[in-house]
Amino acid sequence: MSANLPRIAILGAGSMGGAILAGLVDSGLAADGVAVTNRTAAKAAAIDLPGVDSLALETHREANSTALEGARVVIVGVKPAMVPELLEEIADFLEDDAIVVSVAAGVTIATMEGLVANPVVRTMPNTPSLVRRGVTGLAAGSRVSSEQLALVRAVFETVGAVVEIAEDRIDALGTISGSGPAYVFFLIEQLTGTALRLGFSEAEARLLVEQTFRGASELLAAGDVPPAELRRRVTSPNGTTMRAIAVMEEADLGGMFDRATAAALARSREMAAGG
Ligand SMILES: NC(=O)c1ccc[n+]([C@@H]2O[C@H](COP(=O)([O-])OP(=O)(O)OC[C@H]3O[C@@H](n4cnc5c(N)ncnc54)[C@H](OP(=O)(O)O)[C@@H]3O)[C@@H](O)[C@H]2O)c1
């Protein structure tokens with residue numbers, strides 16, 4: 001895939017669409033520019049990035065169809081319940097060679113293909129895309145050629161890693177990497193609470209915990225050493241860490257993650273059923 005990407009539209013640039021936008025612009029590869037839309041003028045005005053045309057529906061009723069002009073990749077970044085209405089609205093304004101890419105949890109390829117004639121790709125990105133450390137699952141629709149899928153892959157690779165999977169795996173992927181940043185932040189919050197209860201100041205607790213998460217992640221990223229081995233290196237036989245890990249094992253941390261992701265998966269099935 002050539003380095004430069006064609007023009008991209010992002011319809012709905014909130015948390016997720018905005019994260020993709022920021023990473024994409026930062027990559028410098030969106031050479032033909034990006035058009036983004038939001039409902040409110042305040043939100044549109046807050047997006048001030050080089051090469052980005054930011055439009056608001058509030059002040060420009062045709063913002064979505066205007067954003068589609070010349071766009072070969074159209075990322076739909078609105079809330080899942082709003083996706084069908086948005087696709088109906090834009091169906092007749094898409095360029096013939098545009099690929100429609102949804103980031104919405106629970107909106108199926110069949111639903112999207114029923115609303116637009118263009119090829120569609122369903123994705124599940126995550127918010128570290130903002131700092132180009134995202135991971136995105138891609139599931140190709142029935143009309144997508146391998147070249148079109150490669151183009152969508154190239155767009156998401158500007159903001160992190162990409163995994164191509166079958167659509168029936170995308171909800172499961174969402175419970176790991178889509179929701180995953182929230183799990184990590186929750187773990188950080190919990191360990192920070194413990195540090196505070198141990199008598200550290202707020203600033204000390206934050207520094208100790210946040211630097212530890214960052215340092216451990218970077219240590220993992222720096223080499224090919226699996227996490228179990230890195231953990232072993234911190235865990236001297238019969239030492240202090242070993243006692244702490246034993247408490248976590250007793251609390252069945254792994255089982256808790258199984259239950260948490262099962263709950264998330266059940267919710268995505270409810271959402272797909274319109275709940
Ligand atoms: N957040 C995540 O971590 C995450 C991860 C993976 C996937 N997703 C998916 O990303 C999608 C968006 O979630 P989010 O958390 O980013 O929500 P969000 O922050 O509310 O973003 C949605 C954006 O869409 C805009 N919008 C609403 N209606 C619009 C329309 N008709 N045309 C153009 N723009 C419109 C909103 O603008 P205004 O605010 O101005 O109304 C808002 O900025 C969802 O489908 C979700 O499943 C999110």
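Just follow the structure's listing: the first ligand is 1, and inside any ligand the first atom is 1. Basis for what follows: all heavy atoms, side chains included, without hydrogens, waters or symmetry-related copies.
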If two hydrophobic side chains count as joined below 4.5 Å and joins carry through other members, does Val144 share a cluster with Val163? no
Look at atom 21 (O) of ligand 1 and say which protein heavy atom is nearest, naming residue and atom and giving the distance to 0.1 Å. Gly14 CA, 3.2 Å
Using a 4.0 Å cut-off to any heavy atom of Ala13, which atoms of ligand 1 qualify? 43 (O)
Can you check whether Gly70's main-chain N or O pairs, donor with acceptor, with Glu95's side chain at less than 3.5 Å? yes
Atom indices of ligand 1, in the order listed, that fall short of 4.0 Å to a heavy atom of Met124: 6 (C), 7 (C)
Taking only heavy atoms of Met82, which atoms of ligand 1 are found under 4.0 Å from at least one of them? 27 (C), 28 (N)
Side chain to side chain donor-acceptor pair (under 3.5 Å) evaluation trace for Asn64 with Thr37: CA-CA 6 Å; Asn64 284 328; Thr37 62; 2.7 Å; yes
When distances are taken from atom 33 (C) of ligand 1, the protein heavy atom at minimum range is Thr37 OG1, 3.4 Å
What is the nearest protein non-hydrogen atom to atom 43 (O) of ligand 1, stated with its residue, atom name and distance? Asn38 OD1, 2.5 Å
Which segment of Ser102 sits under 4.0 Å of ligand 1 when only heavy atoms are counted: neither
How does Arg39 reach ligand 1, by side chain, by backbone, by both or by neither, if only non-hydrogen atoms under 4.0 Å count? both
Euclidean distance, Ile75 CD1 relative to Phe156 CZ, rounded to 0.5 Å: 4.0 Å
Note: Arg206-Glu202 ion pair, threshold 4.0 Å (strictly below): no
The atoms of ligand 1 lying under 4.0 Å from a heavy atom of Thr40, numbered in the order shown, are 38 (P), 40 (O)
Which residue and atom name correspond to the protein heavy atom nearest atom 13 (O) of ligand 1, and how close is it? Lys79 NZ, 4.0 Å
Main-chain N/O of Ala98 paired with Asn118 side-chain donor or acceptor, under 3.5 Å: yes
Polar contacts were defined as any N/O atom of the residue lying under 3.5 Å from an N/O atom of the ligand; does this apply to Val78 and ligand 1? yes
Suppose we measure from atom 22 (C) of ligand 1 to each protein heavy atom; which comes out shortest, and what is that distance? Gly77 O, 3.6 Å
Side chain, backbone, both or neither: which part of Leu57 comes within less than 4.0 Å of ligand 1 when only heavy atoms are counted? side chain
What is the closest protein heavy atom to atom 3 (O) of ligand 1, and at what distance does it sit? Thr127 CG2, 3.3 Å
Using a 4.5 Å cut-off on heavy atoms from C-beta on, say whether the side chain of Ser65 contacts that of Glu89. no
So, the side chain of Arg122 versus the backbone of Ala139: is there a donor-acceptor pair under 3.5 Å, distance only? no
Can you tell me the protein heavy atom closest to atom 7 (C) of ligand 1 and the distance? Val103 O, 3.2 Å
Would Met16 count as a polar contact of ligand 1, with the cut-off being nitrogen or oxygen pairs under 3.5 Å? yes
For atom 32 (N) of ligand 1, find the nearest protein heavy atom and state the residue, atom name and distance (0.1 Å precision). Asn64 ND2, 3.1 Å
Quick check for you: to the nearest 0.5 Å, what is the distance between Leu5 atom CG and Asp32 atom CG? 8.5 Å
Number the atoms of ligand 1 from 1 as they appear, then name those within less than 4.0 Å of a heavy atom of Pro80, with their elements. 44 (C), 45 (O), 47 (O)
Ser179 side-chain N/O to Thr175 backbone N/O, donor-acceptor pair under 3.5 Å: no
With heavy-atom distances below 4.0 Å as the criterion, list the atoms of ligand 1 near Lys43. 38 (P), 39 (O), 40 (O), 42 (C), 43 (O)
Atoms of ligand 1 under 4.0 Å from any heavy atom of Ala105, numbered from 1 in the order shown, are 47 (O)
Roughly how far, to the nearest 0.5 Å, is the OG1 atom of Thr240 from the CE atom of Met242? 11.0 Å
Return the CG to CD distance between Leu115 and Glu88, rounded to the nearest 0.5 Å. 5.5 Å
